[in-house]
Number of protein chains: 2
Amino acid sequence: MNEMRPIRAKSGTNQEGTSAHNRRVMIDALRLNGQLSRADLARATKLTKQTVSNIIEDLEQDGLVVSLAAVRNGRGQPSTPYRLVPDGAFAIGLQIDRHVTRAIAVDLVGTVLVRAQANLPPGGPANGAKVILDLIEHVRTELAGVADQAEKRLVGLGVAMPGPFGLATDNDDQWMMAAWQNFPLLETLAAGTGLEVALQNDATACATAERMVGAAHGIDHAVCLYVGYGIGAGLILNGELYAGGNGNAGEIGMVLLPPSARHPTQASLEHRASLASLYQHLGADPAEPGLHERLNTLVNNDDPAVVSWIDAAAEELRWGVQLIETIFDPQTVILCSSGPEILTRKLFEAIPPLLPSNADRPDRSAPRLQLGMTDPWSVALGAAAEPISRAFDPRFSAILKTRANALG
Amino acid sequence: MNEMRPIRAKSGTNQEGTSAHNRRVMIDALRLNGQLSRADLARATKLTKQTVSNIIEDLEQDGLVVSLAAVRNGRGQPSTPYRLVPDGAFAIGLQIDRHVTRAIAVDLVGTVLVRAQANLPPGGPANGAKVILDLIEHVRTELAGVADQAEKRLVGLGVAMPGPFGLATDNDDQWMMAAWQNFPLLETLAAGTGLEVALQNDATACATAERMVGAAHGIDHAVCLYVGYGIGAGLILNGELYAGGNGNAGEIGMVLLPPSARHPTQASLEHRASLASLYQHLGADPAEPGLHERLNTLVNNDDPAVVSWIDAAAEELRWGVQLIETIFDPQTVILCSSGPEILTRKLFEAIPPLLPSNADRPDRSAPRLQLGMTDPWSVALGAAAEPISRAFDPRFSAILKTRANALG
DNA sequence: TTATTAAGTCAATTGCTTTGACTTATTTCT
DNA sequence: AGAAATAAGTCAAAGCAATTGACTTAATAA
């Protein structure tokens, strides 16, 4: 009625939405179960055999699924299982960190096909944007070399960088992550690559990766506790990534901790348990070349400074796990880190015994805390997984109409 | 293929799901915007005028919406606005607390039509179940007296009680909330009333209420910080209530706090800022008759013990708000309490200044912290709002098929 | 050898949204 | 005053994806 006042409403849907959802459900089911026959899919999705047949036929023509040899399962006609075709789709993931940027190309099932890395010069986007675009271009070219029709089947570019996003920045980081936030990064990348671009923070990216190929595969409620330069939680709630009202949900590194006997000043969790805190503890320069390797050696040699940091950090993380369990009530918590694998593993081992929480249930199936991917590339992998997930995973928003029809 | 191994998959959808969703979207839009014409609805939902006309006609016949007088809005045919019919649906809400149980009847727009209360004898469900069923029956009869067709339009019974649910209970509460948890409450209520029954914890119920008629109305990301006998957070994420993997998300009262100078022992937030902590601070018996009124008087008279508790609790809650903002990144945090209104208000006023957090954004619209409903009946209201929401609000699960067809 | 069971297809039907033309009612322009 | 423009809303037909029920195929069990 009044065209001045904006009308708040959710979007409706139609048969296109229905069909899109059902396609996604099929793909998701194949991803989770490996291979399924049409009859299996019909039972699992509650659709009719005929509907499943129609959709599977479409998906096969689109090159997203293939049939396997028929299998006899007792009485009745043998079934023909289908599985996903890895080459059915590709995506590129980009991780922007303080000192380094990584790019990865993955396929529909999350296999990494290409990886490349470049150092980021200090000074933020002014100097870094070209490095990044070149890196993406490089990965894209390599991808075209190893996979047929890669360009045609490229569904998007996912970007992961440390959050939080969109704050009034008084964050005077010498590496100027803040500067990256003000820079029109997504627009620049979209223009420079011609791809759909989406952004997530590094903890969320880890969760995305764990969901596609890791410990959160097929789990509807999981939280990744990510120990990177900072600390964050990547949230999978109701089977979908949750980013919060402004994309900053899960920034548990910024939770303030009251002063305690051990730590007489108030501080954030991040100050006490992140890799940044480790570097400070060691008196190391985060930008030091080969730091990752040196750290690796120190951990392997049980360097006393590292050991003491692990003990202290594990105690904080133990608390963090209890916090996450209490607040999100997930089915499992997954520990991820961008540090050396051995460090992550030792940290993981130092965290138990877990504190009492509502996760102490008689009916548990998954462990309360498990070790996630320990590959430093997992953030980049998560970045690459995001466009795949957005294009193929069932989600509410995929059902809804995105634009009105010709006639109102 | 293999019938032994369960197949994990999401449910598909069909035209029924589409239609159900579109109906819900219309109702939601009318709830949020008060009144809208068919043309308005078509624009807002991105559906066609014709589709909207069909659905509105249905809804009108179902008695859920009515047309109002046509209004001229400039050039063109005048539009005919529609609004929700309060009597279009009803629900009953039940709050089970330690010492008291309350029941409420609400209509489609959340107006409270009947309220009734009864004392719960100690001893848990053995003694309490009959009291509760009688109370519900009483409310139901009263409702039938004040509203036509109430019985026919009753969509369900919502239950709210303190969580957490389903834990290995070593919780030796003399009022035996634990006993309630083991009692087949939902089954008993469903059998005794013939209604659909659903359960939520009290903080979630508060959020449900705030979402239907309060500060979270139309907000997609909001968290209710609920100060009751315990402390909890009610979560509205992506426009839907979030309950976690086991219905225990948001139990922030159970977050462990490290020992601090002020509090030399480790404890949960609940121990320091809940009404239970206030009763303890005052040396009051929570079961004392007329405690609510006495507390009201004490607060009004600025009783020193109460004032000191408010100061201490506010400090903990200030931290709690920062925690919520950091972890959930909501658009707003809403303070709710089951205590006397004046106490809630004073607590609310004592919490600022808020701690720095990612909620400190240049582009904020809603206040970081606002006061929710201060009515002690708001938990019961939220309980009653749940069936209404479940029946009429747009949600992913409402689109999906719930059972397979005749032919696989 | 025959009955039974299950996978999968075929052709027709159903049901909701969309389309495009049309009617109605009001304001604005000439 | 009359004509043109604009917007709300209806009508009847078309489009489209899932459903239905009968049918075919291929295996095991009796």
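Below, chains carry the letters A, B, ... as their sequence lines are ordered, and counting in each starts from 1. It should be emphasised that the depicted structure is a prediction, and the values quoted were computed from it without experimental measurement. Below, all heavy atoms of this structure are taken into account, side chains as well, without hydrogens, waters or symmetry copies.
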Could you pull out all residues at least two apart from B:Y242 that satisfy ring pair (Phe, Tyr, Trp, His ring centres under 6.0 Å)?
A:H221
Please set out all donor-acceptor pairs under 3.5 angstrom arising from side-chain atoms of residues 394-402 of chain A, sequence neighbours excluded.
{"from": "A:R395", "atom 1": "NH2", "to": "A:S389", "atom 2": "OG", "distance (Å)": "3.1"}
{"from": "A:K401", "atom 1": "NZ", "to": "A:N405", "atom 2": "OD1", "distance (Å)": "2.2"}
{"from": "A:K401", "atom 1": "NZ", "to": "B:K46", "atom 2": "O", "distance (Å)": "2.9"}

Check whether the side chains of A:Q200 and A:T208 place a donor and an acceptor atom closer than 3.5 Å, and report yes or no.
yes
Kindly say if A:K401 contacts the phosphate of C:dT18, meaning a side-chain N or O under 4.0 Å from OP1 or OP2.
yes
A:L36 CG to C:dA7 C1': how many Å, rounded?
14 Å
Quick check on contacts: within residues 60-69 of chain B, what sits under 4.0 Å from DNA chain D by heavy-atom distance?
none
Whole-Å distance between D:dA17 P and A:D58 CG?
9 Å
Take A:L36 and A:Y82 through the side chain to side chain contact (heavy atoms under 4.5 Å, CB included) test and state the conclusion after the steps.
CA-CA 5 Å; A:L36 294 172; A:Y82 285 78; over 6 Å; no
Send over the distance from A:Q77 CD to C:dT4 P, rounded to a whole Å.
19 Å
Would you mind telling me which of C:dT17, D:dG9, C:dA7 lies closest to the side-chain atoms of B:I55?
C:dT17
Once you round it to whole Å, what is the distance between P of C:dC16 and CD1 of B:I399?
15 Å
Give the C-alpha distance, both sets of side-chain angles, the deciding distance and a yes or no for side chain to side chain contact (heavy atoms under 4.5 Å, CB included) between B:D220 and B:I236.
CA-CA 7 Å; B:D220 279 343; B:I236 292 163; 6.0 Å; no
Which residue lies toward the 5' end of DNA chain D, A:R75 or A:K46, if each is placed at its nearest nucleotide?
A:K46
Rounded to whole Å, the CZ-P distance (B:R38 to C:dT23) equals 19 Å
Report yes if a side-chain nitrogen or oxygen of B:T51 is closer than 4.0 Å to either non-bridging phosphate oxygen (OP1 or OP2) of C:dT18; otherwise report no.
yes
Contacts of B:E151 that satisfy salt bridge (charged side-chain N to carboxylate O under 4.0 Å, His left out) - sequence neighbours left out
B:R140
Without decimals, in angstroms, what is the distance between B:I56 CD1 and D:dA8 P?
15 Å
Can you give the donor-acceptor pairs under 3.5 Å from side chains of residues 18-28 of chain B to other protein atoms, not counting sequence neighbours?
{"from": "B:T18", "atom 1": "OG1", "to": "A:T18", "atom 2": "OG1", "distance (Å)": "2.7"}
{"from": "B:T18", "atom 1": "OG1", "to": "B:N14", "atom 2": "O", "distance (Å)": "3.3"}
{"from": "B:H21", "atom 1": "NE2", "to": "A:S11", "atom 2": "O", "distance (Å)": "2.9"}
{"from": "B:N22", "atom 1": "OD1", "to": "A:T13", "atom 2": "N", "distance (Å)": "2.8"}
{"from": "B:N22", "atom 1": "ND2", "to": "A:T13", "atom 2": "O", "distance (Å)": "2.9"}
{"from": "B:R23", "atom 1": "NH1", "to": "B:D62", "atom 2": "OD2", "distance (Å)": "3.2"}
{"from": "B:R23", "atom 1": "NH2", "to": "B:D62", "atom 2": "OD2", "distance (Å)": "3.0"}
{"from": "B:R24", "atom 1": "NH1", "to": "B:R390", "atom 2": "O", "distance (Å)": "3.0"}
{"from": "B:R24", "atom 1": "NH1", "to": "B:D393", "atom 2": "O", "distance (Å)": "2.6"}
{"from": "B:R24", "atom 1": "NH2", "to": "B:R390", "atom 2": "O", "distance (Å)": "3.1"}
{"from": "B:R24", "atom 1": "NH2", "to": "B:A391", "atom 2": "O", "distance (Å)": "3.3"}

Side-chain N,O (B:T48) to OP1/OP2 (C:dT17) below 4.0 Å
no
How close do B:P81 and B:V71 get, heavy atom to heavy atom, and via which atoms?
CG-CG2, 4.3 Å
Could you check how far CG of A:N54 sits from P of C:dA11, rounded to whole Å?
13 Å
For DNA chain D, find the residues of residues 11-23 of chain A with a heavy-atom distance under 4.0 Å and give them by number; none if there aren't any.
A:Q15, A:T18, A:S19, A:N22
At less than 4.0 Å, is any side-chain N or O atom of A:S37 found next to OP1 or OP2 of C:dG8? Yes or no.
yes
Any side-chain N or O of B:T80 below 4.0 angstrom from OP1/OP2 of D:dG9?
yes
Can a side-chain donor-acceptor contact be found between A:N54 and A:T51 if the only test is distance below 3.5 angstrom?
no
Integer-rounded Å distance: D:dA14 C1' and A:N405 CG:
14 Å
Give, for atom OG1 of B:T204 and atom CZ of B:R211, the distance between the pair rounded to the nearest 0.5 Å.
13.5 Å
